[in-house]
There are 2 protein chains.
Amino acid sequence: MKISEGVEWAAHACALLAAVPEGGALSAGAIAAFNDLPKAYMAKHLQALAKAGVVVSVRGAQGGYRLARPPAEISLWDVRRAIEGPGPDFHCANIRLKGPCVAPKPSSGPCAIAHAFWEAERAYQAALGSMTIADVVVQAAREQDAEGLSRIAAWLRAAL
Amino acid sequence: MKISEGVEWAAHACALLAAVPEGGALSAGAIAAFNDLPKAYMAKHLQALAKAGVVVSVRGAQGGYRLARPPAEISLWDVRRAIEGPGPDFHCANIRLKGPCVAPKPSSGPCAIAHAFWEAERAYQAALGSMTIADVVVQAAREQDAEGLSRIAAWLRAAL
DNA sequence: TCATTGCGGACACATAGCATCCGATTTAAA
DNA sequence: TTTAAATCGGATGCTATGTGTCCGCAATGA
Ligand code: FES
Ligand code: FES
């Protein structure tokens, strides 16, 4: 099992969008260029983020994307779910109901194996849900010196 | 992202193997037949379990597989890792090091996004690791009446 | 009006998972 | 000693999903 690489793309895109001023919007091309990624595919992921309500899109000239909520209210779980989809990773194929030894009366409550996996996914979701885009931005800014921050600000001003 | 269906196959196989008596071994064909699954592919997953040290294989006539440890010492995480592989699900492609605004000095400690995902995977692993094959067997037995249990015991005796 | 931008679908490609088959090897039983 | 049963490992084909591109349409501000 591997997590789609698009999840990382979307996370970095949200981190960048957290830096756009109120009322502004960053185009898909600009977001892709900032991270050196192909514009067309990045646009696909941004559409998924928009459909999931993580970002809002602004159509037309000078349009683009901005965050739908403050960065502190967007978790990495929201991003992951927007790209990978909502359903559980583990799917119970009801193997226990197949084979020569299956009980004639179904009586099928929740299956123990599936229950354990779904419980683990809830722990995963809780851990990811406690890390927000705001946290990511803070930690990313900590790795930049003042000159790097000003260069990013200048790039952002030019791309707006 | 979806968990491979082979993980469920392997989990059910381990649950069945927990019922074989000391010194016995169940062939791949018997395990597949019990769960109504294709024998050839089930054999592949059993090989993976054997390579991961979850089960041990007995070659030759009357051979097959048995658990490598007591059922209470085999977790669903062990099963998942045997089938899906050991590495982390999330892979950091170092997008932060690409693009026009990358800092000239690398200074790259661990990245915040990847750290959050890996921490969530640790929570997932901890939750799955606390559920053992023994727990699964107990809960599965609770859904069977006495007649079902004796039928399974008879099937097992015939397949040995 | 016109350039810019998102939206949605169609398309091609690569990779991974699913499933089967076969020969080689090992081992217990006949 | 022979034979049958069973795992092991690789090769193969098929399918589903992810990756990446492209194009026409709709919307919107200059
Ligand atoms: S029956 Fe197999 S996981 Fe539920
Ligand atoms: S740089 Fe993208 S997740 Fe580490």
Side-chain angles (χ1 to χ4, degrees), chain A residues 1-10 13 17 20 23-33 35-66 68 80 82-85 87 89-91 93 95 159-160, chain B residues 1-10 13 17 20 23-33 35-66 68 80 82-85 87 89-91 93 95 159-160:
Chain A
M1 187 186 62
K2 235 189 72 179
I3 284 195
S4 168
E5 200 170 339
V7 174
E8 185 186 352
W9 294 27
L17 286 176
V20 309
L26 215 53
S27 74
I31 298 173
N35 293 321
D36 194 27
L37 294 170
K39 163 188 164 182
Y41 198 26
M42 172 59 95
K44 272 281 187 298
H45 292 315
L46 287 169
Q47 287 178 35
L49 286 173
K51 198 177 303 183
V54 176
V55 303
V56 293
S57 63
V58 181
R59 300 181 66 156
Q62 301 298 317
Y65 295 91
R66 78 173 64 99
R80 195 208 101 114
I83 304 299
E84 296 270 352
D89 297 342
F90 182 87
H91 182 242
I95 289 181
L160 179 87
Chain B
M1 187 185 62
K2 235 190 71 186
I3 284 196
S4 167
E5 199 172 339
V7 174
E8 184 186 352
W9 295 26
L17 285 175
V20 309
L26 215 53
S27 75
I31 298 173
N35 292 323
D36 194 27
L37 293 170
K39 164 187 164 183
Y41 197 25
M42 172 59 95
K44 272 281 184 297
H45 291 316
L46 288 168
Q47 288 179 35
L49 286 173
K51 197 177 302 183
V54 176
V55 304
V56 293
S57 63
V58 182
R59 300 182 66 158
Q62 301 298 317
Y65 296 90
R66 78 171 66 99
R80 196 209 102 114
I83 303 299
E84 297 270 352
D89 297 342
F90 183 87
H91 182 242
I95 289 181
L160 177 88

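Naming convention: chains lettered A, B, ... in sequence-line order (proteins, then strands); numbering from 1 in each chain. Since this is a predicted model, take the numbers as computed values, not measurements.
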Positions of residues 35-49 of chain B (non-hydrogen atom under 4.0 Å from DNA chain D), listed by number: B:Lys44, B:Gln47
Heavy-atom contact window of chain A on DNA chain C, given 5' to 3' at under 4.0 Å: C:dT4 to C:dG17
Closest to the A:Trp9 side chain, choosing from D:dA5, D:dA27, D:dG20: D:dG20
Spacing of B:Ser27 atom OG and B:Met42 atom CE [to the nearest 0.5 Å]: 11.0 Å
B:Met1 CE - D:dT17 C1' separation (whole Å): 14 Å
Distance-minimising heavy-atom pair for A:Leu46 and A:Val55: O-CG2, 4.0 Å
For atom CD of B:Glu5 and atom C1' of D:dC14, their distance in whole Å: 16 Å
Derivation and outcome, side chain to side chain contact (heavy atoms under 4.5 Å, CB included), residues B:Asn35 and B:Trp9: CA-CA 8 Å; B:Asn35 292 323; B:Trp9 295 26; over 6 Å; no
Nearest-angstrom distance from the residue atom CD1 of A:Ile83 to P of D:dG20: 13 Å
From A:Leu37 atom CG to A:His45 atom NE2, the distance as rounded to the nearest 0.5 Å: 9.0 Å
Comparing A:Gln62 and B:Leu26 on DNA chain D - which has the more 5′ nearest nucleotide: B:Leu26
CG on A:Asp36 to CD1 on B:Ile95, rounded to 0.5 Å: 9.5 Å
Flag, side chain of A:Glu8 to backbone of B:Ala93, donor-acceptor distance under 3.5 Å: yes
Under 4.0 angstrom between A:Ser4 side-chain N/O and D:dT19 OP1 or OP2: yes
Interatomic distance where CG belongs to A:Leu160 and P belongs to D:dA30 [whole Å]: 12 Å
A:Ala61 side chain, from C-beta outward: closest of D:dG9, D:dG29, D:dC8: D:dG29
Residue list, side-chain hydrogen bond (donor to acceptor under 3.5 Å, both in side chains) with A:Asp89, at least two apart or on another chain: A:Arg80
Side-chain touch B:Met1/A:Met1, heavy atoms, less than 4.5 angstrom: yes
Sugar-phosphate, base or nothing in reach of B:Gly64, heavy atoms under 4.0 Å: sugar-phosphate
Any N/O donor-acceptor pair, A:Arg59 side-chain to D:dA26 base, under 3.5 Å: yes
A:Leu26 CG to A:Leu17 CG distance, which is reported to the nearest 0.5 Å: 6.0 Å
